[in-house]
Amino acid sequence: MDNVSTLATLYPNVFHIAVRADSDIHTVEDLKGKIVSPGIKGYSGELAFKEILELNDMSYDDLEGIEYIGTADAAQLLRDGHIDAITGMLAAPVSTYQELDTTLGIRLIPLKDETVEQLHAANEGYLPYTIEGGTYENIKEDTNTVAGYTVLLANNDLINEDVAYEITKMVVENKDAWANISSVMSDFNAEFSVENNVGNMHPGAERYYKELVH
C-alpha cells in the first residue's frame with residue numbers, strides 16, 4: 001500500500017505462546033502432535049503463528065488440531081485440558097494470561113534467535129522483543145519473541161500535512177490520558193513513536209517530531 005503513512009507508533013502487540021506450567025512443551029518444535037489455539041482465523045496472531053511454524057519446518061499438518069477461538073475461550077480450553085497451547089499477538093501483559101498465571105500456572109515458549117531474525121528479514125514489521133521476567137508474576141525468565149506495533153496510519157490522499165501535524169500533536173500531547181485508559185500505552189511518547197516507526201512517516205507527523213527535537 002503506497003498511499004498510507006504513519007502518524008504515530010502506539011504500542012507493541014507481542015507474540016505469545018503459552019502452555020500449562022506442567023506441559024512437556026518447551027520449544028516450537030514440541031508443538032508437533034499437540035492441539036493449539038492460534039486465535040481467530042485470519043487475525044495477525046494466526047498469520048504470525050503460521051510463519052513461525054514454517055520457519056521451524058512445520059505446518060498445521062504437524063499439529064493434532066487447531067481451535068480458532070478468542071483468547072478468553074482458549075484460556076478456558078487450556079484450563080480444562082482440551083488444548084495444549086495458546087498463541088497470539090497481544091499487548092503484554094495479557095489480562096487473561098495474568099489470570100492463568102496466578103490460578104493455573106503457565107509458561108511462555110521462546111522463539112529461537114534465528115526465527116526472530118528470519119521473521120524480521122521477511123517483514124520489517126516484525127521487531128525483536130523480549131517479554132521480561134516478571135511481566136507475568138510467576139514467570140521469572142525473559143522470553144525471546146517478536147512484536148508487531150499498533151500504528152496510527154493516514155491516507156495520504158485525504159490527510160494533508162497540516163491536518164497530519166495537528167493529529168500527531170494531539171495524540172502525543174495526550175499521552176498521559178491514553179496511559180490512564182490502558183497500561184499498554186505507558187511507554188508511548190514522541191521518542192517511542194519515532195524509534196519504533198516502520199515504513200514511511202507522514203510529512204506532517206515528521207514536521208511535528210522534528211519541532212520537538214529543536
Classify the ring geometry of Tyr60 against Phe49: parallel below 30°, tilted from 30° to 60°, perpendicular beyond 60°.
tilted

Over 60° means perpendicular and under 30° means parallel, so classify the ring planes of Tyr165 and Tyr208, tilted if in between.
perpendicular

Any non-hydrogen side-chain atom of Asp84 less than 4.5 Å from a side-chain atom of Val36?
no

Under 4.5 Å between any side-chain heavy atoms of Val116 and Asn144, yes or no?
yes

With a 4.5 Å heavy-atom cut-off, do Leu100 and Arg79 have their side chains touching?
yes

Is there a side-chain contact between Asn56 and Thr115 in this structure, where contact means two heavy atoms from C-beta onward sitting under 4.5 Å apart?
yes

Please work out whether the ring planes of Tyr149 and Phe192 are parallel, tilted or perpendicular, with thresholds of 30° and 60°.
tilted

I'd like to know if the side chain of Asp142 pairs up with that of Thr130 as donor and acceptor (distance under 3.5 Å, no hydrogens or angles considered).
no

Can you tell if the side chain of Ile40 reaches within under 4.5 Å of the side chain of Glu46, non-hydrogen atoms only?
no

Same cluster (ILVMFWY, side-chain, under 4.5 Å), Phe15 and Leu53
yes

Ion pair check, Lys140 and Glu132, cut-off under 4.0 Å:
no

Do Ile35 and Leu63 come within less than 4.5 Å of each other through their side chains, counting heavy atoms only?
no

Dump the intermediate steps for salt bridge (Lys or Arg N to Asp or Glu O under 4.0 Å) on Arg207 and Asp162, then the final yes or no.
CA-CA 9 Å; Arg207 173 157 62 92; Asp162 289 340; 2.9 Å; yes

With heavy-atom distances below 4.5 Å as the criterion, would you say the side chains of Asp24 and Val19 are in contact?
no

Walk me through whether Asn13 and Thr150 qualify under side-chain hydrogen bond (donor to acceptor under 3.5 Å, both in side chains).
CA-CA 7 Å; Asn13 292 292; Thr150 292; 2.5 Å; yes

Leu78 backbone acceptor or donor facing Arg20 side chain under 3.5 Å:
yes

Side chain to side chain contact (heavy atoms under 4.5 Å, CB included) with Leu7: of Val171, Ile167, Leu153, Val172, only one passes, and it is Ile167

Mind checking whether Tyr11 and Asp187 have side chains closer than 4.5 Å, heavy atoms only?
no

Taking NZ, NE, NH1 and NH2 as the nitrogens, is one of them in Glu54 or Lys50 under 4.0 Å from a carboxylate oxygen of the other?
no

